[in-house]
Amino acid sequence: MPRAAFVSFIITIVSVTSFGQTAPTVTKVDPPSWWANHRVNPIRLLIRGKNLADAQVLSGDPRLTVTNLRQSSNYLFLDLHIGPAAKPGKYSLVLETKAGQAEVPFAIEAGLNTEKNFQGINNDDVIYLIMIDRFADGDRSNNAADDFQNSRSYHGGDLRGIIDRLPYLKELGVTALWLTPWHDNWNGVNRCDKPWCPNTYYHGYHAIDYYAVEDRFGDLATLRELVYKAHALGLKVIQDQVANHVGSQHPWVQDPPLPNWFHGTLADHQLNTFRNSVLLSPHSHPRDVRNVLDGWFSDDLPDMNQEEPEVARYEIQNALWWVGVTGIDGIRQDTIQYMPRTFIRDLSNALHRQYPKLWMVGEVFERDAAHTAFFIGGHTGWDGIDTKLDSVFDFALWNTSLSVFTNKLPLRALRDQLKYDALYPDPSKLTVLANNHDTPRFLSLQNATLSGAKLHTAFILSVRGIPQLYYGEEIAMEGGEDPDNRRDFPARAFDASGRNENEREMFDWTQAWIRLRREHSALRRGRLIDLVYDDNVYVFARQDGTETVIIGINRQDKEREVSLPFKTLTPLLGKIRVISGPSVVLPPNSAVACKAS
Ligand SMILES: [Ca+2]
Ligand SMILES: [Ca+2]
Ligand SMILES: [Ca+2]
């Protein structure tokens with residue numbers, strides 16, 4: 001039927017059907033669009049509305065067909081088969097009951113260029129974590145009328161601000177941006193009589209719509225512009241996804257699509273006790289495991305039930321949708337260990353099937369390498385599951401490095417932690433965080449000095465794995481526990497002329513070590529070889545097929561001479577003196593690099 005005739009047919013039906021029942025309405029369609037010739041076909045649509053219980057859904061276009069309805073009064077699931085010849089554009093399905101009809105808007109998207117998008121993250125990258133609300137305010141029209149002095153209010157940062165500051169990030173030398181969640185969150189202000197009130201969801205971890213961009217940050221068009229312009233500059237983009245839970249203001253919470261959509265209800269749920277090690281141990285009681293998987297992260301973070309197939313399907317499609325519509329290169333998956341390992345595997349597989357290079361890193365916030373190693377993909381755990389997860393954060397090495405460079409542990413502790421790389425199928429796949437938005441900034445740790453911060457940064461940028469920096473640490477920002485660690489990036493410091501002495505020293509240092517990494521393949525991909533380690537010195541090599549780069553870190557206030565098993569040494573970075581032998585003199589309180597042959 002031609003589209004015009006089909007529309008007039010609908011209008012005719014609407015005008016003549018009225019039997020005292022109320023006509024159906026449609027308020028939400030998830031996903032709102034998809035692709036022809038996608039690996040996921042049919043897709044499962046979730047429609048929210050009213051009076052849907054007896055609805056039929058008709059497609060006016062033979063290229064789209066509908067099967068397998070499952071419904072209640074307010075929700076309707078259906079399979080939508082998309083024919084290979086479906087062209088990009090708007091399509092409508094018609095939802096029909098005896099009482100009337102409603103339109104189900106839907107679109108077929110044009111696929112993005114697969115050579116410029118979906119490139120994944122690898123050892124050539126340096127990741128930079130940005131908290132969107134706190135980085136740069138590029139559009140004052142979307143700001144809340146909040147108190148910018150309150151550290152738990154929205155502060156105005158947005159996607160336009162990041163677009164405006166892409167040249168700064170390029171100058172620093174990072175190659176991938178991890179942005180905190182851009183899902184739409186509730187705009188209201190929580191009030192209570194506790195010290196953490198009033199507060200807002202400026203951080204983005206309380207989604208009320210998995211398919212919408214936070215209005216305080218911008219819109220989908222601006223997000224797509226950001227990814228496009230970042231890619232044009234050689235910067236990749238990583239989305240922060242949160243499949244474990246939603247915000248308590250999500251419409252599902254009062255009216256779930258299925259009775260088992262969540263683990264429990266707002267009024268009746270268990271809280272996660274965070275006894276995370278029960279996930280690793282083969283000897284745990286199932287009750288304890290269920291608590292960590294099903295318990296709510298907090299009373300206002302309803303926990304999604306990925307063991308319900310409709311939930312798993314919804315979330316896997318949602319992850320794929322964001323990749324497809326924006327062109328992002330990677331995903332950081334929040335609190336990943338609180339979801340079943342079978343779900344992590346199924347999500348990883350679905351992403352890789354459609355986008356072979358796409359990369360996902362899971363937040364397994366544990367300082368025990370045995371625990372994080374259990375969750376990375378590439379090997380099968382005692383439960384018979386390989387999560388296929390591309391990367392996990394190396395919280396164990398991060399924690400050790402913070403302690404070492406604030407003089408709480410000897411330098412040899414770095415080597416002693418790195419020996420547990422034996423637990424990983426491929427330790428080069430680890431994401432090595434310098435810090436993140438959940439922990440105090442380096443310079444606010446007890447005993448922290450600028451010199452220590454520089455050594456920590458140099459180590460993170462030269463050890464095996466994929467380094468990840470936290471916004472502001474490159475200009476020596478301070479900040480204690482959350483939310484103090486999320487202060488606004490000072491706009492003056494985006495320009496070199498606006499930086500004070502410490503800011504300039506830290507920026508130049510960070511930039512120099514990123515450049516060194518970019519210029520030497522051994523630092524990105526070479527094997528790590530321990531050379532000298534004791535209380536105050538750690539010297540290691542990174543070696544690949546083309547070169548050997550030596551990194552020397554000396555924490556003492558005096559020079560230190562070390563002899564190395566190489567014929568010649570050539571300085572690359574830092575005030576290093578080479579003596580025949582050969583040996584090198586490491587300057588006090590410094591990290592240096594040289595090339596060996
Ligand atoms: Ca703004
Ligand atoms: Ca919002
Ligand atoms: Ca969970």
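In each ligand, atom 1 is the first atom listed, and ligand 1 is the first ligand listed.
- Rounding to 10°, one obtains 90° for the angle at the Ca ion (ligand 1) between OD1 (Asp137) and O (Asp139).
- The Ca ion (ligand 2) lies closest to atom OD1 when only the N/O/S atoms of Asp215 are considered.
- For the 3.5 Å distance criterion, the side chains of Thr222 and Asp219 qualify, holding a donor opposite an acceptor.
- The Ca ion (ligand 1) has no N, O or S atom of Ser141 under 3.0 Å away, backbone or side chain.
- Here the N, O or S atom of Asp184 that is nearest to the Ca ion (ligand 2) is OD1.
- Rounding to 10 degrees gives 170° for the angle at the Ca ion (ligand 1) between OD2 of Asp158 and OD1 of Asn143.
- Of all non-hydrogen atoms in Val323 and Ile328, the two that sit nearest each other are CA-CG1, 3.7 Å.
- Contact annotation: Gly156 places an N, O or S atom under 3.0 Å from the Ca ion (ligand 1).
- Using bins of under 30°, 30° to 60° and over 60° for the plane-to-plane angle, the ring pair Phe148/His155 lands in the parallel bin.
- A donor-acceptor pair shorter than 3.5 Å can be found between the side chains of Gln337 and His371.
- Shortest non-hydrogen contact noted between Ala496 and Arg504 is O-NE, 4.5 Å.
- Residue-and-atom listing of protein N/O/S atoms under 3.0 Å from the Ca ion (ligand 3), sorted by chain and number: Asn244 OD1, Leu293 O, Asp303 OD1, Asp303 OD2, Tyr338 O.
- With hydrogens and angles left out, the side-chain atoms of Tyr205 and Asp240 include a donor and acceptor closer than 3.5 Å.
- Using bins of under 30°, 30° to 60° and over 60° for the plane-to-plane angle, the ring pair Tyr314/Trp261 lands in the perpendicular bin.
- At a cut-off of 3.5 Å, with distance as the only test, a side-chain donor of Asp300 or Tyr201 sits close to an acceptor on the other residue.
- Contact annotation: Tyr201 places no N, O or S atom under 3.0 Å from the Ca ion (ligand 2).
- No side-chain donor-acceptor contact under 3.5 Å links Asn117 and Asp329.
- Using the six-membered ring where Trp is involved, His437 and Trp178 have ring planes that are perpendicular, over 60° apart on the 30 and 60° scheme.
- Here the angle centred on the Ca ion (ligand 2), running from OE1 of Glu214 over to O of Asn185, is 80°, rounded to 10°.
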